[in-house]
A.B. asks: 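This is the structure I want to talk about, given as structure tokens.
Below, chains carry the letters A, B, ... as their sequence lines are ordered, and counting in each starts from 1.
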Amino acid sequence: MGSASPGLTALPHGRLAQPDATLPSPPTTPEQPLPAFCLHYFDMLYSEDIAWATKGMGEPSQSGAQEGRGEPQKEPEQCPIIDSQGLGLGAEGDLQASLHLEEHSLEQVQSMVVGEVLKDIETACKLLNIAADPVDWSPGNVQKWILWTEHQYRLPQIGKSFQELSGKDLCAMSEEQFCQRSPAGGDILHAHLDIWKSAAWMKEKAAPGDMRYCDASWVDSEVDSSCAGQPIHLWQFLKELLLKPHNYGRFIRWLNKEKGIFKIEDSAQVARLWGIRKNRPAMNYDKLSRSIRQYYKKGIIRKPDISQRLVYQFVHPV
DNA sequence: AAGTAGGAGGGTT
DNA sequence: AACCCTCCTACTT
């Protein structure tokens with residue numbers, strides 16, 4: 001087990017010295033939450049393969065310790081805009097212009113970062129059926145979020161240290177208190193919570209009167225508009241995962257999207273995600289696959305014509 | 001050893 | 001009643 005790229009997100013970098021950012025930061029958290037924001041995105045970049053974006057953003061090269069693990073770590077072509085930061089700053093006269101350009105590109109990257117983070121949080125909300133704002137979480141929601149975060153970022157299992165805590169309690173805790181409850185990974189969990197708090201704060205601030213963001217999912221502070229509290233079906237859950245190859249492609253992916261054929265690449269992880277979603281800690285692939293097989297009779301999922309292990313097909317692909 | 005198939009019983013909604 | 005969850009045996013890869 002645990003076959004999938006160990007240590008990818010066992011971040012040794014802790015607090016990164018980020019350049020002071022131009023993004024807003026919640027007034028509730030005096031100690032710059034934005035680094036956490038970026039930190040989180042760096043995680044994603046490294047777990048996905050868009051490492052180029054980290055090049056110009058003050059990332060201190062991860063101390064090279066992560067190199068050569070699993071993936072070949074291809075050296076991608078550098079982003080010309082961002083790369084201007086490190087190169088071509090020799091001439092004094094160009095300095096002003098370069099800085100200007102740099103600022104502009106930084107803004108672009110930052111807005112991209114924010115957009116990606118918001119999207120991922122939105123996905124997680126749907127998947128976990130929890131509110132976007134951590135303050136609104138029940139103790140059960142908190143446990144779900146911690147389980148999911150542990151899973152997503154391969155943190156040590158520390159959820160039990162935070163039992164009986166509501167989202168409000170959690171949000172009131174400092175990083176030190178997190179570490180007190182969980183010396184291993186408490187700081188990272190706190191950083192992730194900061195990201196969620198920041199996102200919730202930004203959202204609240206973004207749409208006081210007029211709401212442009214009806215399309216995504218959250219219109220007001222109330223999130224679950226479509227399927228609030230509704231029991232999600234397994235096939236829906238699988239489709240949601242498949243819609244996010246960026247996040248879940250390592251676990252489940254399309255083999256032929258048009259025909260609805262997909263493959264479960266990591267049965268244990270998919271089962272675990274499903275278990276988190278349904279509050280079934282004992283969920284495993286044996287049980288999950290039994291539920292999939294129930295779909296045969298109902299005509300929702302079937303085995304493809306050429307049957308392969310861990311490969312299924314939606315009968316009515318959309 | 002892990003995945004596939006489907007019966008059976010129970011729980012939650 | 002629908003939709004799993006759990007446990008099970010038998011069979012295949």
A.B. asks: In terms of the angle between their ring planes, are A/Trp145 and A/Trp196 parallel, tilted or perpendicular, with boundaries placed at 30° and 60°?
C.D. replies: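 It falls in the perpendicular class, over 60°.
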
A.B. asks: Can you measure A/Asn284 atom CG to B/dA2 atom P for me and round it to whole angstrom units?
C.D. replies: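 Going from CG in A/Asn284 over to P in B/dA2 covers 12 Å.
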
A.B. asks: From CD of A/Gln294 over to P of C/dT6, roughly how many Å is that when rounded to an integer?
C.D. replies: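 Checked: the CD to P distance equals 14 Å.
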
A.B. asks: Looking just at side-chain N and O atoms, do A/Asp169 and A/Ser166 make a donor-acceptor pair shorter than 3.5 Å?
C.D. replies: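 The criterion, which ignores hydrogens and geometry beyond distance, is satisfied for A/Ser166 and A/Asp169.
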
A.B. asks: Are the side chain of A/Lys303 and the backbone of A/Arg293 linked by a donor-acceptor contact shorter than 3.5 Å?
C.D. replies: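 Between the backbone of A/Arg293 and the side chain of A/Lys303 there is no qualifying donor-acceptor contact (under 3.5 Å).
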
A.B. asks: Which residue is it: A/Tyr295, A/Trp235, A/Phe262? I am looking for the one with a ring-ring contact (aromatic ring centres under 6.0 Å, His included) to A/Phe314.
C.D. replies: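 Exactly one option meets the ring-ring contact (aromatic ring centres under 6.0 Å, His included) with A/Phe314, and it is A/Phe262.
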
A.B. asks: Would you say a side-chain N or O of A/Tyr296 is under 4.0 Å from OP1 or OP2 of B/dT4?
C.D. replies: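 So the side chain of A/Tyr296 is outside the cut-off, no N or O lying under 4.0 Å from OP1 or OP2 of B/dT4.
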
A.B. asks: Determine the contact category for A/Trp274: base if any of its heavy atoms lies under 4.0 Å from a base atom, sugar-phosphate if only primed atoms, P, OP1 or OP2 are that close, otherwise nothing.
C.D. replies: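 Result for A/Trp274 = sugar-phosphate.
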
A.B. asks: Which sits closer to the 5' end of DNA chain C, A/Lys278 or A/Arg293, going by the nucleotide each is nearest to?
C.D. replies: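 Closest to the 5' end, via its nearest nucleotide, is A/Lys278.
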
A.B. asks: If the cut-off is 4.0 Å, is A/Lys303 near the phosphate of B/dT4, judged by side-chain N/O to OP1 or OP2?
C.D. replies: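 For B/dT4, OP1 or OP2 has a side-chain N or O of A/Lys303 closer than 4.0 Å.
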
A.B. asks: Which whole-number value in Å describes the distance from A/Leu234 CG to C/dA2 P?
C.D. replies: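 To the nearest whole Å, that distance equals 18 Å.
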
A.B. asks: Among the nucleotides C/dC5, B/dA5, C/dC4, which one has an atom lying closest to any side-chain atom of A/Tyr295?
C.D. replies: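 Shortest atom-to-atom distance from the side chain points to C/dC4.
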
A.B. asks: Just checking A/Arg280: base, sugar-phosphate only, or nothing, at a heavy-atom cut-off of under 4.0 Å?
C.D. replies: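 Answer is sugar-phosphate: A/Arg280 comes under 4.0 Å of backbone atoms only.
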
A.B. asks: Please pick, from B/dA5, B/dT4, C/dC7, the nucleotide with the shortest atom-to-atom distance to any side-chain atom of A/Lys287.
C.D. replies: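 Nearest listed nucleotide: C/dC7.
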
A.B. asks: Kindly point out which of C/dC3, C/dT12, B/dG7 is positioned nearest to the side chain of A/Arg290?
C.D. replies: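 Nearest to the side-chain atoms of A/Arg290, counting from C-beta on, is B/dG7.
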
A.B. asks: From the options B/dG6, C/dC4, B/dA2, select the nucleotide whose nearest atom is closest to the side chain of A/Ser291.
C.D. replies: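 Closest of the options to the side chain of A/Ser291: C/dC4.
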
A.B. asks: Give one of base, sugar-phosphate or nothing for A/Gln308, where a contact means two heavy atoms less than 4.0 Å apart.
C.D. replies: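 Sugar-phosphate contact only - A/Gln308 comes under 4.0 Å of backbone atoms but never of a base.
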
A.B. asks: Please state how far atom CD1 in A/Ile292 lies from atom P in C/dC3, giving the value in whole angstrom units.
C.D. replies: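 In whole Å, C/dC3 P lies 16 Å from A/Ile292 CD1.
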
A.B. asks: Between atom NE2 in A/His233 and atom C1' in B/dT12, what is the gap in whole Å?
C.D. replies: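 After rounding, the reported distance stands at 13 Å.
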
A.B. asks: If you look at every strand shown and take non-hydrogen atoms under 4.0 Å, does A/Tyr312 touch a base, only sugar-phosphate, or nothing?
C.D. replies: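 Sugar-phosphate: the residue A/Tyr312, judged by heavy atoms under 4.0 Å, touches backbone atoms but no base.
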
A.B. asks: A/Glu265 CD to B/dG3 C1': how many Å, rounded?
C.D. replies: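 The answer, rounded to whole Å, is 15 Å.
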
A.B. asks: Whole Å only: how far is the CD1 atom of A/Ile301 from the C1' atom of B/dA5?
C.D. replies: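 These atoms are roughly 15 Å apart.
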
A.B. asks: At under 4.0 Å between heavy atoms, what does A/Ser267 touch on the DNA or RNA strands: base, sugar-phosphate, or nothing?
C.D. replies: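 If one applies the 4.0 Å heavy-atom cut-off, A/Ser267 turns out to touch the sugar-phosphate alone, with no base involved.
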
A.B. asks: Parallel, tilted or perpendicular for A/Trp274 and A/Phe237, by the 30°/60° rule?
C.D. replies: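 Correct class here is tilted.
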
A.B. asks: Rounded to the nearest Å, what distance is computed from the CG atom of residue A/Leu288 to the C1' atom of nucleotide C/dC5?
C.D. replies: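 It is 11 Å, rounded to the nearest whole Å.
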
